[in-house]
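The structure appears below as structure tokens.
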Amino acid sequence: MAKSSFSKVDEYGFERGDDFNYEAYEEFMSEYLPVLARRSRKWARLMINPNSLKRGPLVKRYMRKGVPAEHRAEVWLWASGATQLREKMGPNLYRELLNETHDNEVVSSIRVDLPRTFPDNIFFNQSDQCEQRNQLFRVLCAYAHHNKRVGYCQGLNYIAGLLLLVTKSEENSFWLLKILVEQILPDYYGPTMEGVVVDIDVLGELVRLKAPAIHRQVSDLGLPWPVVTTKWFICLFAEVLPVETVLRIWDCLFYEGSKIIFRVCLTLIKNQTNSLLTCEDFGSLASAFKSLSNDSSTLHCHLFMKNIFQVPGPLPTSTIIRLREKISQERHKS
Amino acid sequence: MANRGGAAQRPNSQTQGKICQFKLVLLGESAVGKSSLVLRFVKGQFHEYQESTIGAAFLTQTVCLEDTTVKFEIWDTAGQERYHSLAPMYYRGAQAAIIVYDITNMDSFGRAKVWVKELQRQASPNIVIALAGNKADLANSRAVECDEAQAYADENGLLFMETSAKTAKNVNEIFLAIAKKLPKNEQVSGAGSANQGRRLVESDSSAKTAGNCCK
Ligand SMILES: Nc1nc2c(ncn2[C@@H]2O[C@H](COP(=O)(O)OP(=O)(O)OP(=O)(O)O)[C@@H](O)[C@H]2O)c(=O)[nH]1
Ligand SMILES: [Mg+2]
């Protein structure tokens, strides 16, 4: 890891662009490496006996402080309930799905997106026949076949792609994808993407409650919330925030559920209150939203993750549930 | 927002002319090359493997006409069918649209026609619509005849060009043709309230660096 901070490719295989700020990154890593080392020691003790992992305050705190890369796959499978689900549904499900005949149209739309998924990642961009790309193809086809209502929704390619980079196992990626789509997130990827549309409005409502000045600014300049936040929800911040930050978010997402997404959104927005409030027109506001994710605060993932539990203030699950219900009722009335 | 129903004078502008700002949306099936056209127009680049767009992307670019500088606020949307329900948000209040299809893919032309109908019904009545038959460099595998698309465009009062984001063919030209056709002075009534020929606020840097102006 230390070596990769000087390399042109990061530890997950993403090529660093010409505009990559090595200096800022080195500064960040000099703080983050000791953190990683400490977390790694702590988790190593916990993982001596993985069967003893139990939900509770200790593990919750550990998840929030980050799961070390070497344990991430295993911990995600456990925390999300994917392991149990797999036992319940039969451990051979994935293999069986691969052997079935898949819908041609779905398969071809997946195929179109393969070279368009992480074209800046060396594991995915080497050749048409590279192994990761084939794995991504199989995971997406198997899932589309398994859940015909969802089928293939653009955006799932990035999620499955990142799952593959972390777990290095197509089967584990399949189960984590299934858990995300069907249990952790409310109908984000169905035929009308109802869940995303509702959650974007929930976010708008939360911003109104927690950052009223920004909410006023956004409505005054006529910028619809979905315009700037759709990708945040659909990609779960993949391709939006730095990859290490995304994985830290997912650590919490798998353990605590979709509420985390709102915490991240609210933190991103509140962190940039000043730059958002100084915009004078629609175009500059849209650009300001676009640059939220490039701000150096998002690179400093450890601090960023600490902030998501402080900056937005209290966010009870019951509030989210109530807002989701209210908004979807209103949608169906109109 | 100040809306003076037209462009504001910017005294120090190189062209000494008016500056107008317009909202333009790109629509069309997934992978026809919407993002690639925008990338070519705004940055002069082409990526063999352009990432699929999720939600939408926002960019700006300026073109210079004789006495007017036209600044486009460009919304590049996601093409997959299930993102359709989000589309009205992007074309609402747009003064211009480019509907893109892939000349090697007949289905994408059919989808383009559906977009044209939807815009004619739902978008601002004065919206300027251009039809782009993209991937013109792949004429060997052509599935949509140029004449057929031209005839369809004529019937529907659309601008039409075959383009190639890869070779840059007709990319600047199609944006320029739209810029020329857009009304620069009179008040236009549209679905969006605050965005007809808006006054340009000089706070956006993305257009300045692009340097694609006045070719
Ligand atoms: N040969 C050729 N290929 C092109 C051209 N324009 C785009 N492509 C390729 O077609 C693929 C899709 O292009 P995009 O620009 O991502 O298409 P899109 O319409 O934005 O797709 P979505 O974002 O999924 O809606 C990419 O791999 C491009 O490299 C072109 O003019 N010629
Ligand atoms: Mg695109």
Side-chain angles (χ1 to χ4, degrees), chain A residues 105 108-109 111-120 124-125 128 150-159 188-194 196-197 200 220-235 238-240 275 278-291, chain B residues 1-3 21-23 25 29-33 35-36 47-62 71-75 77-90 92-93 102 105 107-108 191-195 198-207:
Chain A
E105 212 171 299
S108 69
S109 65
R111 211 181 285 275
V112 170
D113 276 355
L114 290 180
R116 308 169 75 211
T117 308
F118 299 140
D120 59 343
F124 285 97
N125 68 10
D128 267 356
V150 168
Y152 172 63
C153 177
Q154 278 182 334
L156 292 180
N157 52 329
Y158 296 118
I159 294 177
Y188 276 12
Y189 307 98
T192 60
M193 309 184 90
E194 176 75 12
V196 169
V197 177
I200 288 171
D220 285 353
L221 296 184
L223 184 68
W225 284 104
V227 160
V228 284
T229 60
T230 302
K231 191 170 181 181
W232 297 0
F233 285 93
I234 289 172
C235 293
E239 288 287 283
V240 175
S275 70
T278 48
C279 293
E280 289 181 10
D281 69 349
F282 176 94
S284 51
L285 187 63
S287 305
F289 263 99
K290 204 166 94 176
S291 40
Chain B
M1 145 146 314
N3 181 3
Q21 186 157 302
F22 293 104
K23 175 173 169 187
V25 61
E29 198 169 278
S30 180
V32 295
S35 303
S36 301
H47 296 162
E48 202 59 48
Y49 298 115
Q50 176 65 37
E51 297 187 335
S52 48
T53 308
I54 307 298
F58 175 75
L59 292 105
T60 59
Q61 177 62 304
T62 307
K71 184 180 175 189
F72 284 116
E73 284 178 349
I74 303 169
W75 286 103
T77 64
Q80 199 186 23
E81 188 55 37
R82 73 184 69 184
Y83 285 83
H84 189 170
S85 59
L86 298 170
M89 208 150 36
Y90 298 103
R92 198 176 298 139
D102 169 353
N105 177 340
D107 288 346
S108 74
S193 51
N195 38 16
R198 285 205 318 255
R199 199 166 70 89
L200 182 72
V201 179
E202 290 176 85
S203 54
D204 192 317
S205 58
S206 48

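Chain A is the first sequence line, chain B the second, and so forth, proteins listed ahead of strands; every chain is numbered from 1.
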Checklist entry - Taking only residues two or more places apart in sequence, or in another chain, which ones meet Phe233(A) in a ring-ring contact (aromatic ring centres under 6.0 Å, His included)? => result Phe262(A)

Checklist entry - Can you name the residues that form a ring-ring contact (aromatic ring centres under 6.0 Å, His included) with Tyr188(A), not counting sequence neighbours? => result none

What pair of heavy atoms forms the shortest contact from [X] to [Y], and how long is it?
X: Asp120(A); Y: Glu51(B); result: OD1-OE2, 4.2 Å
X: Tyr152(A); Y: Gln80(B); result: O-NE2, 2.8 Å
X: Arg82(B); Y: Tyr189(A); result: NH1-O, 2.5 Å
X: Gly55(B); Y: Thr230(A); result: CA-CG2, 3.8 Å
X: Phe58(B); Y: Ser287(A); result: CE2-OG, 3.5 Å
X: Ser52(B); Y: Arg116(A); result: CA-NH2, 3.4 Å

Item to check | Which atoms of Val227(A) approach chain B - backbone, side chain, both or neither, heavy atom under 4.5 Å | outcome: both

Item to check | Which portion of Thr192(A) sits near chain B, non-hydrogen atoms under 4.5 angstrom | outcome: backbone

Checklist entry - Do the non-hydrogen side-chain atoms of Leu59(B) and Lys290(A) ever get within less than 4.5 Å of each other? => result yes

Checklist entry - Is any side-chain heavy atom of Ser30(B) closer than 4.5 Å to a side-chain heavy atom of Gln154(A)? => result yes

